[in-house]
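Provided herewith is a single structure, encoded as structure tokens, for subsequent inquiry.
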Amino acid sequence: MDKQLDLLQGTLDMMILKAVSLGPLHGYGVLLRIQQISKDRLEIQQGSLYPALYRLEHQGWITSEWGESENKRKAKYYRLTAAGKRRLQTEAEKWNRMTDVIAGILGTKPEEV
Amino acid sequence: MTLWARFRSWLRATMRRSRMESEMDVELRFHMEAYAEDLMRGGVPRSEALRRARIEFGGIERAKEECREARSANFVESLLQDIRFGFRMLRKSPGSTAAVVVALALGIGLNTTMFSFVNALLLRPPTLVQSPEQLLELWLRAHGTSGIESVLPLTFPDYIYYRDHNQSFSGLLAFDGDPEAVIWNRSGEGEVVHGQLVSGNFFSVLGINTPLGRPLLDEDDRVGSPRPAIVLGRSFWQRRLGSDSGVVGTNMMLNGTNFTVVGVVPAGFAGLLIAVEPDFWASLTVVEQITRDTGRLTNRQGHWLLTVGRLRSSVTAATARAEMTVLSHQIETDHPDTNKDLNADVYAATLVPGPYRGYVAAFTGLLMAVFGLLMVIACVNAASLLLARATSRAREMAIRSALGAARGRLIRQLLVESLLLAGLAGCAGTALAYWMAPLLMTLKPASLPLTLRVPLDWRVLLFTFLASLVTGILFGLTPALRVARAQVAPLLKDESQSVGYRKSRLRNALMIAEIATCVLLLIGASLCVRSLANANSIDPGFDTQHIAIATLDPGSLGYSATKVRTFYAQLSEHIHALPGVSAVSFVNHLPLGPAREKTTIVESRQPSSEQKNHGVPADVFRVAPGFFDSMAIPLLQGGDFTQKDNEQATKVTIINEVLAHQLSPNENPVGRRITMGADAESTEIVGVVKAGKYRTLGEDPIPVAYVPNLPGRRTLVVRAAGDPSLLLAEIRREIHIVDPNLAATDLETMRQYMSLPLFAARTTAVLLGACGILALVMTCIGLFGVISYVVSQRTHEIGVRVALGAGRHDVLKLVLRQGLTVASIGLTLGLAAALVVTRFLSSLLYGIRPNDPATLAGVSLGITSMVLLACYIPARRAMRVDPMIALRYE
């Protein structure tokens with residue numbers, strides 16, 4: 001496994017939204033999915049997951065309901081809302097723009113200055 | 001949209017808290033079990049898997065706390081929690097809590113009381129007046145003189161000119177600044193009432209509507225109206241006329257003239273002048289009828305009218321001032337002999353007239369600063385106490401911190417506790433202020449017809465609220481920050497709390513500050529109290545213990561000169577006949593009062609060309625025969641006036657020592673002739689009396705001359721063999737017997753009269769004295785508390801020392817040394833501050849310098865002994881402790 005990347009709070013929110021956009025998940029499932037879609041290069045601090053989930057729910061990007069897990073136990077499932085979908089899109093665009101700008105700066109050759 | 005969603009989420013969270021809690025619990029547990037199962041699938045044993053799951057997750061309580069915070073259901077709930085917990089903590093140590101609350105309540109209460117006076121005097125606008133911010137006062141300023149004497153009110157002709165020629169004001173009103181005391185003839189009995197004379201537009205400019213009847217109008221403001229109108233004051237109407245609504249249209253006879261009552265003002269309206277609540281308002285033009293002072297309306301040198309104008313909406317104060325200056329120059333050009341060098345000046349109209357606001361503000365500012373210092377002492381006591389408590393709760397805070405409480409939350413908890421203390425103190429302080437304000441009003445000399453209302457209105461309550469808030473934060477913040485910063489781990493380990501006694505610089509600084517402030521207040525208080533003692537012992541030159549006085553003005557009823565003379569002769573006989581009366585006489589006005597008459601004395605035998613340059617300015621008193629006897633003023637040379645002098649107004653005079661010394665230092669002045677003022681004839685000196693005080697108690701010797709020609713308005717002086725207060729009722733009765741139409745004003749004993757010149761000295765002495773005593777008590781208690789605490793912290797150390805062979809007295813020295821170091825620094829700071837600050841008191845002090853060495857030494861000694869005492873008792877307790885017990889003490 002590569003070294004853990006430092007995750008800022010904003011990117012964590014984005015990761016969660018993306019993970020949930022692919023289908024309703026409970027908290028542990030979100031954790032696993034992020035690990036999965038990052039191809040095991042990203043591991044989230046377990047303690048910071050639930051505060052982030054609650055915050056996102058409070059802000060209205062995701063919504064929750066109780067359901068049954070695979071092994072018939074009660075679990076809370078989170079789903080992306082329409083507002084959340086729009087939010088994910090805006091955040092993704094912002095992120096792409098940001099990375100473009102920074103890549104541009106870092107890729108400057110001495111002749112271009 | 002999200003705002004609404006957020007609000008809904010918050011609402012849901014607040015209302016279904018317990019359900020939310022259990023749901024969160026289930027969710028988090030599910031997570032950990034799922035993770036543990038994954039590990040178990042990988043071959044890890046169950047117990048190990050569970051343990052690792054828990055460790056991986058991190059602090060579950062912390063996570064829960066952050067989840068709760070994410071929902072923002074937290075704030076109100078945790079605040080309520082803090083408040084409940086705070087109350088419990090306060091209840092746990094009721095003694096020290098009570099001490100702190102009492103000290104703070106005293107501080108806040110006194111400051112609130114003082115502020116309520118500042119509010120009543122300087123901040124409140126006149127009640128019921130429409131848009132008071134549009135009103136400007138107009139005054140005249142004389143060139144060539146400075147200070148308060150250079151500012152003058154207007155004369156009547158000046159007022160008319162300004163009123164008719166200005167463009168800046170939509171209305172310019174004028175009123176008499178002195179309350180007019182008139183005799184109200186109520187079915188044959190004379191009673192004194194006080195009224196205010198105002199211009200016809202007074203009520204309309206101020207926007208006052210009368211609920212009963214009508215206000216005064218411009219039509220009423222005509223000279224020679226047969227039945228002039230008056231408007232009654234509300235409290236007078238309620239008190240003396242029984243709130244009779246049929247009073248409109250009835251007559252009142254005032255000073256012999258019939259007036260018609262046309263209305264009653266609304267409750268709460270008392271005019272524009274502070275502390276004056278007139279019984280009635282009448283038009284300016286009746287002034288000559290009421291006071292028999294002919295020419296008042298045409299006199300260009302009698303300055304008696306306070307003038308206020310309402311600015312037009314487009315005009316600023318600066319524009320108005322400029323226009324008034326132009327008008328004043330016009331008047332100066334028209335009347336150069338009377339209005340020379342008189343410029344107009346405008347001030348914002350307030351209850352205390354503009355030119356005087358500065359003095360009132362300075363005096364009240366001084367008092368507020370003094371009470372503020374007392375508040376500092378109370379705060380320091382509270383801070384020391386909380387600091388000590390916070391240190392002993394460090395362990396509790398450490399545990400909370402480990403359980404996941406954020407640092408801000410800990411600080412908030414401690415702040416809530418200190419704000420609770422401050423809040424309790426604030427409520428108690430408000431109650432104290434409510435009770436104390438009327439108490440302070442009793443310091444006012446009884447003879448003044450002044451009523452100062454000091455309500456606790458919204459400004460005062462806001463002040464109390466802010467004061468409590470600020471003090472709570474001030475004394476609560478430092479201990480809170482100190483504790484929240486503490487390291488968690490060492491405190492959680494099972495170490496004894498008294499990890500040695502820590503020398504706290506903060507604690508020492510607080511003690512030093514407290515002692516310094518206490519020293520400053522004590523010095524100020526001692527100076528003022530000694531000054532009052534000095535002032536009381538200043539000999540005013542006459543007897544203050546055995547005299548009763550009363551002021552009469554039969555001329556105001558229109559009596560002829562003969563009738564006046566007869567009245568006084570009869571009165572004199574009647575009163576002489578009373579038992580216990582040794583002497584009776586009259587004077588036009590008493591010394592040390594507000595009235596003054598001046599003249600210039602020149603020696604008659606000097607050539608007239610020199611007389612103009614060598615005139616001695618002197619004060620004049622007009623007295624009847626027997627005056628010096630009644631007042632117990634020793635007659636040094638010559639003799640008293642005779643009855644013949646009195647009746648025929650012969651040109652004789654009796655002078656005081658100072659004048660005698662100035663006129664003829666080496667010879668007996670009796671028999672010499674002098675010229676007084678603008679007299680054509682010369683006056684013969686027939687006697688010399690001992691000098692006394694005539695204008696203020698602190699004055700340098702003044703030359704004074706007494707003459708026998710008395711006006712109709714006189715003050716009766718009665719000398720009693722015993723207690724003069726027993727005579728007051730009898731004097732009133734005799735006046736009534738001789739002439740029931742007359743009533744006396746200012747019927748009181750000389751002692752009561754003397755409270756007026758002593759007013760400033762007495763007030764400062766009482767207030768500062770009380771402050772000083774409170775400061776001393778609070779500092780003593782505070783020091784005692786802190787030193788006891790420190791000594792108890794060091795009990796372990798003391799046990800060690802004693803076990804190692806220290807003697808009892810070494811222990812005592814240990815404690816005393818610490819106390820005395822702090823005391824000496826505090827004392828030095830306090831003395832230094834006192835030397836700088838007491839300079840401001842010098843104008844109020846009689847016969848004592850601001851840096852009087854005896855006072856400074858006395859206070860230093862007192863403070864040192866207090867510190868020694870505060871150290872001694874805890875030290876004795878420490879000395880007696882069994883070293884074995886002390887060693888085991890935690």
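Only heavy atoms go into these numbers, but all of them, side chains included; no hydrogens, no water, no symmetry mates. If you're wondering where the values come from, they're calculated on a predicted model, not measured in any experiment.
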Next on the checklist: Parallel, tilted or perpendicular: which one describes the rings of B:Phe57 and A:Tyr50, with boundaries at 30° and 60°?
Outcome noted: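 B:Phe57 and A:Tyr50: tilted rings.
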Checklist entry - Cation over ring, A:Lys76 on A:Tyr54, under 6.0 Å and within 45°? => result yes
Checklist entry - Considering only heavy atoms, which portion of A:Leu56 lies under 4.5 Å from any heavy atom of chain B: side chain, backbone, both, or neither? => result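 No part of A:Leu56 comes within 4.5 Å of chain B.
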Item to check | Sidechain N-carboxylate O distance under 4.0 Å for A:Asp100, A:Arg97 | outcome: no
Item to check | chain B contacts, top residue of A:Glu70, A:Gln45, A:Lys74, A:His26 (heavy-atom pairs, under 4.5 Å) | outcome: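 Of the options given, most contacts go to A:His26.
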Next on the checklist: Among B:Glu56, B:Lys64, B:Met32, B:Arg62, which residue has the highest count of heavy-atom pairs closer than 4.5 Å to chain A?
Outcome noted: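 Heavy-atom pair counts peak at B:Glu56.
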Item to check | Charged tip of A:Arg73 within 45° of A:Tyr28 ring normal and under 6.0 Å | outcome: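 Not flagged: A:Arg73 not positioned over aromatic ring of A:Tyr28.
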